[in-house]
Protein chains: 2
Amino acid sequence: MTEYPQTTKERILEVAGDIFGKEGFKATTIRRIAGAAQVNIAAINYHFRDKEGLYSAVLEHVFHIGFTRFPSKMGIEDDTLPEQQLLFFIRGMFYRLLSNEGWAGLSGRGRLIARELLAPTPAFEAVLDKYIKPHKDLLVSIIIAIMGENPGPRILLPCAISIIGQCIYYALAAPVIKKIAEENAPVEGNLDRLAEFVWLFSLGGIEKIRQKTSCVTR
Amino acid sequence: MTEYPQTTKERILEVAGDIFGKEGFKATTIRRIAGAAQVNIAAINYHFRDKEGLYSAVLEHVFHIGFTRFPSKMGIEDDTLPEQQLLFFIRGMFYRLLSNEGWAGLSGRGRLIARELLAPTPAFEAVLDKYIKPHKDLLVSIIIAIMGENPGPRILLPCAISIIGQCIYYALAAPVIKKIAEENAPVEGNLDRLAEFVWLFSLGGIEKIRQKTSCVTR
DNA sequence: AAAAGAGTAAAACAAATGTTTGAATACTGC
DNA sequence: GCAGTATTCAAACATTTGTTTTACTCTTTT
């Protein structure tokens with residue numbers, strides 16, 4: 001991505017993120033990383049100890065970049081309406097997951113995240129606590145605000161999962177979506193429209209769930 | 001899974017599905033498969049030509065099993081109400097993706113599918129046409145029936161993606177969901193409840209989308 | 001300017017992995 | 001029962017790949 005002079009270490013991190021994401025941990029060879037980063041093979045082991053050490057560093061780096069450029073609360077103020085908060089939250093996810101300044105549509109480094117969801121490595125535990133749990137908690141609090149009551153985890157968490165699931169699926173299945181529904185592929189120009197769609201869809205979902213559960217409990 | 005005598009070829013297929021799913025293509029060694037299936041290494045190349053040939057066969061086999069045991073239209077008759085059809089469709093996905101008779105929660109062979117969504121291999125093209133596209137078309141027709149009108153692909157496909165996305169995310173992120181929302185992990189005993197939740201949520205979503213788009217177009 | 005240390009380079013090592021070979025064994029049709 | 005085919009097996013081959021070693025270069029410190 002960045003062509004301007006960087007330190008060897010930085011260049012390795014950037015390049016490794018893309019390649020690990022595209023190929024997966026096992027399929028990635030340090031020779032390939034070294035080649036792409038125009039760095040000697042031994043430099044990788046020198047800076048990161050071994051392949052696994054490099055991977056951990058990459059994972060942390062990727063999450064740091066994503067949540068620094070697109071924080072969970074992006075655009076959300078204390079006086080923002082709950083519904084608006086949800087829109088910002090979803091739009092944030094789309095941009096973090098799919099924009100080029102973010103995780104580039106999981107086509108590059110971002111696919112790392114999907115791979116970790118699928119099969120968490122030990123290195124994932126750290127980012128789970130640091131980035132993902134707070135992110136989830138924020139969403140849950142937004143849902144509570146929209147519902148106007150706290151229906152408990154058996155309602156809240158599935159709601160959160162449904163919302164996050166839609167966003168991540170766009171990112172995860174981007175290659176397939178491009179093939180069977182090209183018009184709606186999650187490319188840069190579509191992000192706002194798709195985010196707004198998911199937002200509306202989710203508002204409707206939350207509303208429906210609220211009706212049903214209120215109906216049952218009372 | 002099956003312990004009773006099978007042909008070598010069948011045993012290889014079964015075992016390879018699990019291992020490819022858990023480890024990914026590159027990380028899977030044919031020696032490991034041979035060991036687990038109690039088969040000579042060369043037998044694999046004999047029956048399937050090479051590692052890639054085995055993988056293609058496994059992928060087709062996995063999809064065949066899944067859509068044979070849990071067909072897209074499972075439970076859907078011609079006179080089923082559209083809303084009911086959606087419930088059956090979603091429930092079918094949950095069982096296909098997550099039950100032990102299906103793809104076993106992507107913990108075993110089913111994870112193959114998620115891997116293919118993430119990074120399609122050439123072998124995926126075939127199953128895409130044979131299984132996935134018809135499956136998508138069915139869902140789209142159900143959505144049209146629920147909406148009572150055809151709002152065009154820019155509305156329909158995002159709807160379909162939102163619905164499928166929720167289902168697949170449960171399967172994909174099962175390891176992580178277990179960690180942060182254990183009560184709602186997609187295990188056998190939760191499938192009906194979660195399917196019904198996703199159904200309600202999606203009905204609400206479709207309704208909301210329909211309102212908005214009618215509002216704008218007219 | 002000399003010494004020390006950090007960073008880089010090329011080559012070599014050892015383990016693993018996909019594939020092939022050629023012989024041995026089981027099965028099938030006549 | 002036998003020829004012919006299909007299947008299984010153990011061993012070997014050629015690559016690939018993570019890691020280490022050793023020497024070299026450059027910067028910083030004294």
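Throughout, a chain's letter reflects where its sequence line sits, starting with A, and its residues are numbered from 1. Computed from a predicted structure; not experimentally measured.
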If we ignore angles and hydrogens, is there a donor and acceptor under 3.5 Å between the side chains of [X] and [Y]?
X        : Y        : answer
A:Gln166 : A:Ser202 : yes
A:Tyr55  : A:Glu60  : no
A:Asp192 : A:Tyr95  : yes

### Side-chain heavy atoms of A:His135 within contact of A:Leu139, under 4.5 Å
no

Rounded to whole Å, how long is the line connecting atom [atom1] of [X] with atom [atom2] of [N]?
X       : N      : atom1 : atom2 : answer
B:Tyr46 : C:dC27 : OH    : P     : 14 Å
B:Lys51 : D:dT16 : NZ    : P     : 14 Å
A:Asp50 : D:dT17 : CG    : C1'   : 14 Å
B:Ile41 : D:dA11 : CD1   : C1'   : 10 Å
B:Ile44 : D:dA6  : CD1   : P     : 21 Å
A:Lys26 : D:dT16 : NZ    : C1'   : 11 Å
A:Phe48 : C:dG7  : CZ    : C1'   : 13 Å
A:Asn40 : D:dT17 : CG    : P     : 17 Å

### Task
Ignoring backbone atoms, test whether B:His47 places a side-chain nitrogen or oxygen under 4.0 Å from the OP1 or OP2 oxygen of D:dA6.
no

### Query
Does A:Lys9 make a side-chain N or O approach to OP1 or OP2 of C:dT8 shorter than 4.0 Å?
no

#### Entry: Spacing of SG belonging to B:Cys167 relative to OH belonging to A:Tyr169, to within rounding of 0.5 Å
9.5 Å

Taking the side chain of [X] as heavy atoms from C-beta outward, which of [options] is closest to it?
X       : options                : answer
B:Asn45 : C:dA6, C:dA12, C:dT20  : C:dT20
B:Ala43 : C:dT19, D:dT8, D:dT17  : D:dT8
A:Ala42 : D:dT21, C:dT19, D:dT17 : D:dT21

### Pairwise 5' ranking along DNA chain D for A:Ala27 and A:Arg49, keeping only the more 5' one
A:Ala27

### Query
DNA chain D: A:Thr29 or B:Val39, which has the more 5' nearest nucleotide?
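The answer here is B:Val39.
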
